[in-house]
Asks: 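Supplied in structure tokens, the structure appears directly below.
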2 protein chains.
Amino acid sequence: MESPKRQIILQTPNLEGAKKAIKTGIARHRTVVIAGSCTVDYDGRASSKLEEGERLIIFKPDGSALVHRPKDYSPVNWQPSGSIFHTRIGKDGLVIRVFRRKERESMVISLTMIQMVAVLDLVDNGDFTLYATEKEMQEAILFKPDILEPGFRPMTKEMAVDPGFIDIIGYDADDILAVVEIKRVKANKKAVEQLKKYMDVIDLDDSRRVRGILVAPDITDNGSELLNQLGYEYKPLTPQECSEILKQKRGTPLTAFFEP
Amino acid sequence: MESPKRQIILQTPNLEGAKKAIKTGIARHRTVVIAGSCTVDYDGRASSKLEEGERLIIFKPDGSALVHRPKDYSPVNWQPSGSIFHTRIGKDGLVIRVFRRKERESMVISLTMIQMVAVLDLVDNGDFTLYATEKEMQEAILFKPDILEPGFRPMTKEMAVDPGFIDIIGYDADDILAVVEIKRVKANKKAVEQLKKYMDVIDLDDSRRVRGILVAPDITDNGSELLNQLGYEYKPLTPQECSEILKQKRGTPLTAFFEP
DNA sequence: GCCTAGGTCCCGTGG
DNA sequence: CCACGGGGCCTAGGC
């Protein structure tokens, strides 16, 4: 009796051998990597046809599937996680159908020649942490509001309105209400329009002044123009700066600033 | 003298052997696939840290790089095409640095254990065609304007305004001007706002009536509400229908409808 | 399920 | 080069 191997790698297998390895790999929740010549037909939200050529195909244990050409960042065809695989040998060669219930869409890969099949048991529990995100910018302003401007006091974060979410609402040193919209990349006209949408909800009565503040590392000319037109303000701030600020106080829970 | 192999596949190689194969593969513009235990550090527009775990790594001849965990559609770390690779053995194992000039960002992969290295010569010249896109919806309306409504005559396509592009402008059966905005997926409030933006540019003088028509396979409740508020109209149309219509007349150039 | 907004979005198409 | 909008975007977070 064989003990189950951690990996199976087949070089230029015949279709029958490839099929067996692929089916076994999928059944055992392995990551399956195939290199070979294929066509791909997709049909669902849109539809597509990929003519014969050599590609790299990946099936993951979570039901995601990728077909990569030997160029480009993005897969030429794919299915997101939660898909179901069906492998069989037909007149077009080794046919793998990847079906997604939710979107009622399917991707059919027909392999005619196979260079490699690798069935891999990838164990991956490593933590992944991303820094310098928009969320970190928000946290940095809540933690050290002076980086927005001296005397600023945040009152709410992620306030649901209209529909949408205002990143931060607070009071400035003169007790004027301020709506803060944060962007981690250069802000454009759309970002200003987004801020306006929130201002339209908050700035209802003319008696009370409300400031609109756009926080971003940079702003486009068109964005700046509209901003000035609407009487809003721009505060330059980079996600990297914010990330640095948070590093100084990593460990202090964010909730501490809202609890007595 | 060896003839260059079409593919090199190494199972559980040592770091030195892996390094040699990877360097050769990159130099010869091959697609390099690595399975192994690694950490990844990214620094650029944002930054990230990925702790030790087993992943699938892909380097393509166009300078794109992907690190895939055994789950998810999207890579956990990556660089788009145009990156430069540098491979060396250091104290952290086999270290591959992927550098991108344009964004001044880098991804460093440190491999400690390697399950597989595959150097593949993927030849892929197959055509890829995507159907049922927004562009096809536009073409279908230009080709057979009656699918929008009987008597509709398109005048311009992709008219640049403001900034932005109005998908189609035309006259209806009663010679009323109509601004048409197309969405290939369910239209939401944002889509209606986009139409409004274009209407604000076209519908300047109150003397002339202008219709705003949103074409989409479906519309959200919020979108519909705003649409009614603004007095615009919704025309249901699916990208699939449009794709079918175009199939009937594939071959007729789009320009034919604008030339004498 | 719907809806909104973010993304190291990527990518193409203008100017 | 910058700016804007599309994408089979995908994905997370609310409701």
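Chain A is the first sequence line, chain B the second, and so forth, proteins listed ahead of strands; every chain is numbered from 1.
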Asks: Rounding to an integer number of angstrom, what distance separates C:dG6 and D:dG7 when you compare their C1' atoms?
Replies: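 Taking atom C1' in both C:dG6 and D:dG7, they lie 15 Å apart.
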
Asks: For D:dG6, does either OP1 or OP2 sit under 4.0 Å from a side-chain N or O belonging to B:Gln194?
Replies: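 The answer is yes; a side-chain N or O of B:Gln194 sits under 4.0 Å from OP1 or OP2.
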
Asks: Find the distance between CG (B:Leu122) and NZ (B:Lys60) and round it off to the nearest 0.5 Å.
Replies: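 Rounded to the nearest 0.5 Å, the CG-NZ separation comes to 9.5 Å.
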
Asks: Nearest to the side chain of A:Asp72, heavy atoms from C-beta on, is which of C:dG6, D:dG8, C:dC11?
Replies: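 In terms of side-chain proximity for A:Asp72, the closest of C:dG6, D:dG8, C:dC11 is C:dC11.
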
Asks: What does B:Val76 touch in the nucleic acid at a heavy-atom separation under 4.0 angstrom: a base, only the sugar-phosphate, or nothing?
Replies: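 Base contact - B:Val76 has a heavy atom under 4.0 Å of at least one base atom.
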
Asks: Under 4.0 Å between any heavy atoms, over every strand shown, what does A:Gln240 touch: base, sugar-phosphate, or nothing? Just pick one.
Replies: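 Answer is nothing: A:Gln240 stays at 4.0 Å or more from every strand.
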
Asks: Is A:Arg184 near enough to C:dC9 that one of its side-chain N or O atoms lies under 4.0 angstrom from OP1 or OP2?
Replies: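 So the side chain of A:Arg184 is within the cut-off, an N or O lying under 4.0 Å from OP1 or OP2 of C:dC9.
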
Asks: With the criterion set at under 5.5 Å between ring centres and under 30 degrees between planes, would D:dG8 be stacked on A:Trp78?
Replies: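 One would call A:Trp78 stacked on the D:dG8 base.
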
Asks: Where each residue is assigned the nucleotide of DNA chain C containing its nearest heavy atom, which of B:Gly223 and A:Phe128 is assigned the position nearer the 5′ end?
Replies: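 On the 5' side of the pair lies B:Gly223.
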
Asks: Are OP1 or OP2 of D:dC9 and a side-chain N or O of A:Arg45 less than 4.0 angstrom apart?
Replies: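 Yes, A:Arg45 has a side-chain N/O under 4.0 Å of OP1/OP2 on D:dC9.
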
Asks: May I ask which nucleotide in the shown strands pairs with D:dG8, Watson-Crick or G-U wobble, both distances under 3.5 Å?
Replies: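 When the pairing criteria are applied, nothing turns out to pair with D:dG8, so the answer is none.
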
Asks: Within less than 4.0 Å of OP1 or OP2 of C:dC3, is there a side-chain N or O belonging to B:Asn188?
Replies: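 No, because none of the side-chain N or O atoms of B:Asn188 sits under 4.0 Å from OP1 or OP2 of C:dC3.
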
Asks: Quick one, A:Val33 and A:Leu120 - any side-chain contact, counting heavy atoms below 4.5 Å?
Replies: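 They are in side-chain contact.
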
Asks: Report the nucleotide, chosen from C:dC11, D:dG8, C:dT4, that has the shortest atom-to-atom distance to any side-chain atom of A:Gln79.
Replies: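 The answer is D:dG8, which lies nearest to the side chain.
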
Asks: Please confirm whether the shortest side-chain N or O distance from B:Lys186 to OP1 or OP2 of C:dC3 is below 4.0 Å.
Replies: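 Checking C:dC3 against B:Lys186, a side-chain N or O does come within under 4.0 Å of OP1 or OP2.
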
Asks: Counting any heavy atom closer than 4.0 Å, what does A:Glu103 reach on the DNA or RNA strands: base, sugar-phosphate only, or nothing?
Replies: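 Contact class for A:Glu103: none.
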
Asks: Can you tell me which nucleotide in D:dC4, D:dG6, C:dG1 comes closest to the side chain of B:Glu134?
Replies: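 My answer, after comparing the listed nucleotides, is D:dG6.
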
Asks: Can a side chain N or O of B:Lys183 be found less than 4.0 Å away from OP1 or OP2 on D:dG6?
Replies: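 For B:Lys183, the contact criterion (side-chain N or O under 4.0 Å from OP1 or OP2 of D:dG6) is met.
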
Asks: For a quick test of reading the model: is some side-chain N or O of A:Tyr198 closer than 4.0 Å to OP1 or OP2 of C:dA5?
Replies: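 Answer is yes, contact under 4.0 Å.
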
Asks: CG of A:Leu177 to CD1 of A:Ile169: how many Å apart, nearest 0.5 Å?
Replies: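 Interatomic distance, A:Leu177 CG to A:Ile169 CD1, rounded to 0.5 Å: 6.0 Å.
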
Asks: Does some side-chain heavy atom of B:Met107 sit less than 4.5 Å from a side-chain heavy atom of B:Val67?
Replies: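 Result yes, sub-4.5 Å side-chain heavy-atom pair found.
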
Asks: Using the six-membered base ring of D:dG8, report whether A:Tyr42 stacks on it, requiring centroids under 5.5 Å and planes under 30° apart.
Replies: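 By the stated criterion, A:Tyr42 and D:dG8 stack.
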
Asks: Nearest heavy atom decides the nucleotide; on that basis, is B:Asn77 or A:Gly164 closer to the 5' end of DNA chain C?
Replies: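 On the 5' side of the pair lies A:Gly164.
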
Asks: Please determine whether a side-chain nitrogen or oxygen atom of B:Lys197 lies at a distance below 4.0 Å from atom OP1 or OP2 of D:dG5.
Replies: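 Checking D:dG5 against B:Lys197, a side-chain N or O does come within under 4.0 Å of OP1 or OP2.
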
Asks: With rounding to the nearest 0.5 Å, note down the distance linking NZ in B:Lys71 to OG in A:Ser81.
Replies: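 Going from NZ on B:Lys71 over to OG on A:Ser81, the span is 9.0 Å.
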
Asks: Rounded to the nearest 0.5 Å, how far does OG of B:Ser243 lie from CE of B:Met137?
Replies: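 OG of B:Ser243 is found 10.5 Å from CE of B:Met137.
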
Asks: Looking at the side chain of B:Thr220, which of D:dC10, C:dC3, C:dT8 is the nearest nucleotide?
Replies: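 From the listed options, C:dC3 comes nearest.
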
Asks: May I ask you to say what B:Glu105 touches in the nucleic acid, namely base, sugar-phosphate or nothing, with a heavy-atom cut-off under 4.0 Å?
Replies: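 Contact class for B:Glu105: base.
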
